[in-house]
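See structure below.
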Amino acid sequence: MAISIPVTRTTSPKAKYSDERSLGFGNVFTDHMFIANHDPERGWHDARIVPYGPLAIDPASPVLHYAAEIFEGMKAYRHPNDEIGLFRPEQNAARMNRSAERMCLPPIDVELQLAAIEALVDLERDWVPRSEGTSLYLRPTLIGDGSRLGVSTAQRHIYFIICSPSGMYYPNGIKPVRIHIEDQYVRTVRGGTGMAKTGGNYAASLLASTLAGKHGYDQVLWLDGRENRYIEEVGAMNTMFVIDGVLVTPALTGGILEGITRMSVLELAKGFGIPVEERLIPVEELFSAYEAGALTEAFGTGTAAIISPIGELNYKEKSIELGTEIGPVARRIYDALTGIQSGKLPDTRGWTRIVPRLATQ
Ligand code: PLP
Ligand code: COI
């Protein structure tokens with residue numbers, strides 16, 4: 001059955017940006033947003049699209065006090081024929097519900113999630129930018145609302161989606177970034193909330209990333225929270241290394257996010273005949289492989305970051321230098337992935353979902 005999503009249009013549309021290349025990431029928001037509410041009696045209800053604007057929540061809401069929150073990050077791309085394509089949105093919807101389960105938030109029917117995303121992107125299709133490297137970034141979010149301060153599951157919930165026309169996450173595009181491997185603070189632990197896309201994980205990362213920033217690093221690479229030894233992920237991306245021609249990435253131990261870009265890159269690499277390993281990677285292995293000349297590339301993968309080459313890794317007093325240009329494996333994967341996402345290369349894997357033109361237009 002089709003899900004009906006009433007639309008209240010804005011009466012004061014915003015002026016559009018004048019230069020797509022200076023959008024940056026997550027700075028500009030479109031005219032409308034999607035909202036639905038949840039309570040135990042009615043479940044998810046009142047799905048609607050309304051003008052973008054502030055939410056009314058109770059000051060005692062669990063989201064404000066106990067971080068009852070999860071989110072997703074996904075993108076809509078303008079294809080050369082002007083159709084708008086979503087990249088593997090079913091995967092984001094499934095992960096939203098895995099995060100919901102971990103954080104004791106109510107799951108949202110995948111059909112409702114996809115219908116909400118399609119209806120909103122359809123309405124905002126003029127906001128999807130055209131330039132190379134740009135897209136409409138979508139931020140589906142689920143928060144716990146209510147009016148009691150005891151630590152427990154929330155009484156009510158709100159699911160909303162906002163859209164942000166965006167460029168590259170890192171201002172330097174695909175120029176390699178400098179990464180500090182953190183040896184003191186940890187972000188998540190196995191058994192903790194690392195596999196969930198929940199705001200508290202990001203809050204926990206800020207101190208170390210601020211300190212790293214002061215020393216000239218772009219991001220922090222986290223080690224596992226138990227032994228402080230195994231490579232995990234960067235704040236907004238999974239990590240991959242080319243060691244002896246093998247693409248090696250940390251296994252999904254529960255401490256890291258199950259990245260959809262990660263999953264897609266592994267599939268593309270296998271398709272290219274590049275051997276792939278998902279396993280524990282002790283930090284000292286990176287240094288011994290580097291000293292032996294076997295570590296040739298490192299890069300991050302993520303929706304916002306796409307493929308982000310790592311030019312330098314610093315750990316305690318030591319550093320690994322991997323050059324100032326993207327390496328050949330990362331380049332090949334970047335071209336294939338962005339080609340499919342932007343609709344410039346054929347999508348033989350069924351990863352793209354074209355946004356239908358609905359009656360709301
Ligand atoms: N790890 C973290 C902590 C992230 O925030 C992200 C971004 O979403 C990723 C990994 C990459 O995940 P995905 O490729 O699904 O965007
Ligand atoms: C994404 O890539 O979608 C993310 O969620 C990264 C974000 C935290 C900036």
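Remember, it's 1-based here, ligands and their atoms both numbered in the order they're listed. Values below: every heavy atom of this structure, side chains too, minus hydrogens, waters and symmetry copies.
Between atom 14 (O) of ligand 1 and the options T261, I256, V265, the minimum heavy-atom separation is to T261. The closest non-hydrogen atom to atom 7 (C) of ligand 2, taken over K75, R139, M74, comes from R139.
Ring geometry for Y159 against W44 counts as perpendicular: the plane angle is over 60°, on a 0 to 90° scale with 30° as the lower cut. Ring geometry for F25 against Y137 counts as perpendicular: the plane angle is over 60°, on a 0 to 90° scale with 30° as the lower cut.
Within ligand 1, the atoms closer than 4.0 Å to a non-hydrogen atom of R95 are 12 (O), 13 (P), 15 (O), numbered from 1 in the order shown. Below 4.0 Å from some heavy atom of T301 lie the following atoms of ligand 1, by number and element: 11 (C). Shown in contact with G302 at under 4.0 Å from a heavy atom are these atoms of ligand 1, numbered in order with element: 11 (C), 14 (O), 16 (O). Residue contact check: Y137 has heavy atoms under 4.0 Å from atoms 1 (C), 3 (O), 4 (C), 5 (O) of ligand 2. Annotation for ligand 2: atoms under 4.0 Å from non-hydrogen atoms of A236 are 6 (C). Atoms of ligand 1 lying under 4.0 Å from at least one heavy atom of G259, given by number and element, are 12 (O), 13 (P), 14 (O), 15 (O). Taking every non-hydrogen atom of Y202 and a distance limit under 4.0 Å, the qualifying atoms of ligand 1 come out as 2 (C), 3 (C), 4 (C), 5 (O). Short contacts between ligand 2 and Y169, defined as distances under 4.0 Å to a heavy atom of the residue, involve ligand atoms 9 (C).
For R262 and E233, the salt-bridge test fails: no basic side-chain N is under 4.0 Å from an acidic carboxylate O. In this structure, E118 pairs ionically with R353, as a charged nitrogen and a carboxylate oxygen lie closer than 4.0 Å.
Here E232 has no heavy atoms under 4.0 Å from ligand 1, in either its backbone or its side chain.
Looking at ligand 1, you'll find an N or O of I260 within less than 3.5 Å of one of its N or O atoms. For ligand 2, the polar-atom distance check finds no N/O of Y202 at less than 3.5 Å from any of the ligand's N/O atoms. Here's the thing with A304: one of its N/O atoms is less than 3.5 angstrom from an N/O atom of ligand 2. Any N or O atom pair closer than 3.5 Å counts here, and K197 shares at least one such pair with ligand 2. Considering backbone and side-chain N/O of K197, one or more are found under 3.5 Å from N/O of ligand 1. In terms of polar-atom proximity, E233 is counted as a contact of ligand 1, with an N or O under 3.5 Å from an N or O of the ligand.
Under a 4.0 angstrom heavy-atom cut-off, M74 registers as lying outside contact with ligand 1.
Looking only at heavy atoms of the protein, atom 16 (O) of ligand 1 is closest to T303 OG1, 2.6 Å.
In summary, of the residues considered (R102, R98, K197), a salt bridge (Lys or Arg N to Asp or Glu O under 4.0 Å) with E258 occurs for R98 alone.
Within the cation-pi definition used here (under 6.0 Å to the ring centroid, within 45° of the axis), R48 does not qualify as a partner of F34.
Residues I333 and L247 have side chains in contact (heavy-atom distance under 4.5 Å, counting atoms from C-beta outward).
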